[in-house]
There are 2 protein chains.
Amino acid sequence: MRILVNFATNIIAMNKCDQCIVRQLSSLKALNKDEVVKLANSKTTYKIKKGEAIFEEGEVTNGVFCIKDGVGKLSKLSANGKDQIVKLVQSGELLGQRSMISNEPANLSAKAVADMEVCFIPKTEILHFFNNNNQFSMNLMQSVCEDLKESENNKIALVQKTVKQRLAETLLQLHDSFGENADKTLKVQLTREELAGIIGTATESCIRLLSDFNKLDLIELVGKKIMLKDIRALKKMAE
Amino acid sequence: MRILVNFATNIIAMNKCDQCIVRQLSSLKALNKDEVVKLANSKTTYKIKKGEAIFEEGEVTNGVFCIKDGVGKLSKLSANGKDQIVKLVQSGELLGQRSMISNEPANLSAKAVADMEVCFIPKTEILHFFNNNNQFSMNLMQSVCEDLKESENNKIALVQKTVKQRLAETLLQLHDSFGENADKTLKVQLTREELAGIIGTATESCIRLLSDFNKLDLIELVGKKIMLKDIRALKKMAE
DNA sequence: ATTATAACATGATAAATATCATTTTTATAA
DNA sequence: TTATAAAAATGATATTTATCATGTTATAAT
């Protein structure tokens with residue numbers, strides 16, 4: 001009887017996780033069928049509305065979050081009250097790997113930029129996979145390494161490029177990673193303040209530059225949305 | 001006969017690596033006796049003079065470097081010809097883990113800031129340890145995670161703090177990580193250009209601020225050396 | 001629909017920082 | 001030891017960017 005119930009549960013759960021975009025794109029792709037079943041049984045699913053937090057800086061998370069849908073930002077509040085955005089994350093990605101591995105409270109806050117659906121996987125599960133599945137641990141390792149490389153390059157860009165160059169670069173990256181709507185505007189919709197938080201500048205400076213770019217026909221401002229009109233020129237400007 | 005020779009070789013080699021500072025401080029501390037023997041047999045030792053490179057940006061390294069002695073800088077040359085320093089490394093640390101794990105050419109150049117002694121460990125060895133020693137893989141993972149956290153925080157500091165704050169912070173960090181000489185000056189000796197490369201500013205601006213700090217009695221400039229005189233005030237300034 | 005609130009926008013100005021020019025000091029090699 | 005180059009220092013100036021003030025438009029709540 002017990003077995004039957006478990007069997008039924010597992011099938012449903014396995015289907016759910018097995019077909020999930022996170023399973024296809026993240027380190028979790030290395031898990032075998034049994035492991036996916038284990039995963040499906042231990043996960044919890046949440047919905048997070050735009051603006052809400054998944055976790056805050058300083059919180060102990062004790063696990064990782066899979067992003068099934070939506071867009072999130074990892075950010076840190078500075079002394080002067082500005083929210084510096086470190087990274088945008090989207091469906092298919094894992095969140096909170098670093099602090100889980102380091103055994104530390106979260107260094108950054110994670111908040112929804114667009115409505116999100118996430119699954120929480122407890123630390124014990126992840127560590128079990130890490131210790132028993134070499135491909136998984138290698139994948140996880142590579143994913144953190146990729147983050148490190150990105151962070152280093154981003155850091156260099158922030159220091160060595162002007163605000164104008166950083167804005168051009170960031171617009172291109174947003175276009176690249178998140179794509180465009182039917183009306184050709186950028187799919188991720190950030191406020192000017194958030195955009196300023198990514199490129200590390202004052203909101204007013206960001207707004208001013210956007211309107212310069214608009215006048216130069218590099219972009220078009222469609223209400224609050226942004227459409228890239230001259231990608232070639234933006235690329236040139238970013239260098 | 002064969003066994004005898006190997007036995008003798010291993011003892012010497014094991015002693016060498018077993019007592020090495022890198023073995024005590026890095027992820028390698030998780031290795032058992034047999035693994036240390038394997039390590040000792042596969043490593044190669046190099047000496048690198050101040051100013052020389054261990055590896056350059058874009059090079060395929062195919063292994064990691066252990067820093068037995070000296071100080072190195074990880075940096076990237078920007079379009080405008082400036083060398084942005086991403087991180088300073090010292091004895092006990094490993095170098096080139098990220099690009100090895102990611103299977104990519106080095107993203108940064110590694111150069112000696114002070115004469116160095118390093119050992120090269122081939123990729124095959126490291127991967128073998130990674131797949132067969134859970135504690136080692138966890139250590140390696142944690143070390144990369146630590147780098148990531150540092151890089152993110154450093155990035156935020158670079159963007160949100162003024163050049164003056166960054167200089168104060170960097171001087172304190174150098175004091176913290178590398179200590180001071182008998183005459184109380186900082187042990188790592190960087191040129192003003194290198195220091196500017198860490199805080200991300202023009203060399204002249206860096207020199208100017210150092211001389212301001214000097215006038216304010218926060219530091220004392222002893223020739224090219226720097227002595228921290230008022231650590232409390234520097235800390236306050238960095239915030 | 002109307003009010004309140006947040007987001008966006010722009011001008012004026014101040015502050016921070018970079019750049020160019022020049023001089024002084026220090027290190028290095030002939 | 002002197003010549004030569006590199007590093008450090010400082011002034012003058014230009015450029016970039018932030019800040020403050022204010023107005024406008026969009027969005028949400030009553």
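Quick note on labels: first sequence line is chain A, next is B, and so on, each numbered from 1. Note that the structure is a prediction, hence the values are computed from the model and not measured.
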> With a 4.5 Å cut-off on side-chain heavy atoms, are Asp230(A) and Leu216(A) touching?
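The answer is no, as the side chains (C-beta and beyond) never meet within the 4.5 Å cut-off.
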> Nearest-Å distance, CG (Leu210(A)) to P (dA7(C))?
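Nearest whole value for this atom pair: 16 Å.
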> Please confirm whether the shortest side-chain N or O distance from Thr201(B) to OP1 or OP2 of dT17(C) is below 4.0 Å.
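Looking at the OP1 and OP2 atoms of dT17(C), neither is under 4.0 Å from any side-chain N or O of Thr201(B).
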> Identify, between Leu209(B) and Glu204(B), the residue whose nearest nucleotide on DNA chain C lies closer to the 5' end.
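The residue mapped nearer the 5' terminus is Leu209(B).
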> Return the value, rounded to whole Å, for the distance between atom CD of Gln160(A) and atom P of dT19(C).
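Checked: the CD to P distance equals 11 Å.
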> For Ile207(B) and dT23(C), give me the distance from atom CD1 to atom P, rounded to whole Å.
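These atoms are roughly 17 Å apart.
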> Salt-bridge test for Lys149(A) and Glu104(B): reply yes if a basic N is under 4.0 Å from a carboxylate O, no otherwise.
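A salt bridge is present here (some side-chain N lies under 4.0 Å from a carboxylate O).
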> When the distance from CZ of Arg208(A) to P of dA7(C) is rounded to whole Å, what number comes out?
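So the CZ-P distance, Arg208(A) to dA7(C), works out to 18 Å.
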> Which is more 5' along DNA chain D, the nucleotide nearest Cys206(A) or the one nearest Lys224(A)? Just name the residue.
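Between the two, 5'-proximity favours Cys206(A).
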> Between which nucleotides of DNA chain D, read 5' to 3', does contact with chain B run, using atoms under 4.0 Å from its heavy atoms?
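Contact boundaries, 5' end first: dA7(D) to dA12(D).
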> Under 4.0 Å between any heavy atoms, over every strand shown, what does Thr162(A) touch: base, sugar-phosphate, or nothing? Just pick one.
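Touches sugar-phosphate only.
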> Rounded to the nearest angstrom, tell me the gap between atom CG in Asp212(A) and atom P in dC8(C).
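Those two atoms, CG and P, are 17 Å apart.
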> Rounded to whole angstrom units, what separation is found between the NZ atom of Lys50(A) and the C1' atom of dA6(C)?
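Whole-Å distance recorded here is 12 Å.
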> With a 6.0 Å cut-off (strictly less than), is the heavy-atom count around NZ of Lys164(A), excluding the residue itself, greater than 12?
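Incorrect, the count does not exceed 12.
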> Inspect the surroundings of NZ in Lys47(A) and state if more than 12 heavy atoms from other residues, nucleotides or ligands are less than 6.0 Å away.
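No - once you tally the heavy atoms of other residues, nucleotides and ligands closer than 6.0 Å, there are 12 at most.
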> Go through the steps for Arg98(A) and Ser102(A) under the test side chain to side chain donor-acceptor pair (under 3.5 Å), then give the verdict.
CA-CA 6 Å; Arg98(A) 201 212 52 81; Ser102(A) 301; 3.1 Å; yes
> Do the side-chain N and O atoms of Asn153(B) and Lys76(A) include a donor-acceptor pair separated by under 3.5 angstrom?
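Their side chains do contain a donor-acceptor pair, which is all the 3.5 Å distance test asks for.
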> Given atom CZ of Arg192(B) and atom P of dT24(C), what is their separation to the nearest angstrom?
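After rounding, the gap between these two atoms is 19 Å.
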> Rounded to the Å, how far apart are Leu167(B) CG and dA16(C) C1'?
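One finds 15 Å between C1' of dA16(C) and CG of Leu167(B), rounded.
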> OP1 or OP2 of dT10(C) sitting under 4.0 Å from any side-chain N/O of Ser211(A)?
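True: Ser211(A) side-chain N/O within range (under 4.0 Å) of dT10(C) OP1/OP2.
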> What nucleic acid atoms does Lys161(B) come within less than 4.0 Å of, heavy atoms only: base, sugar-phosphate, or nothing?
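Since no nucleic acid heavy atom lies under 4.0 Å of Lys161(B), the category is nothing.
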> Are the side chains of Val86(A) and Asn107(A) in touch, meaning some heavy atoms are under 4.5 Å apart?
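They are not in side-chain contact.
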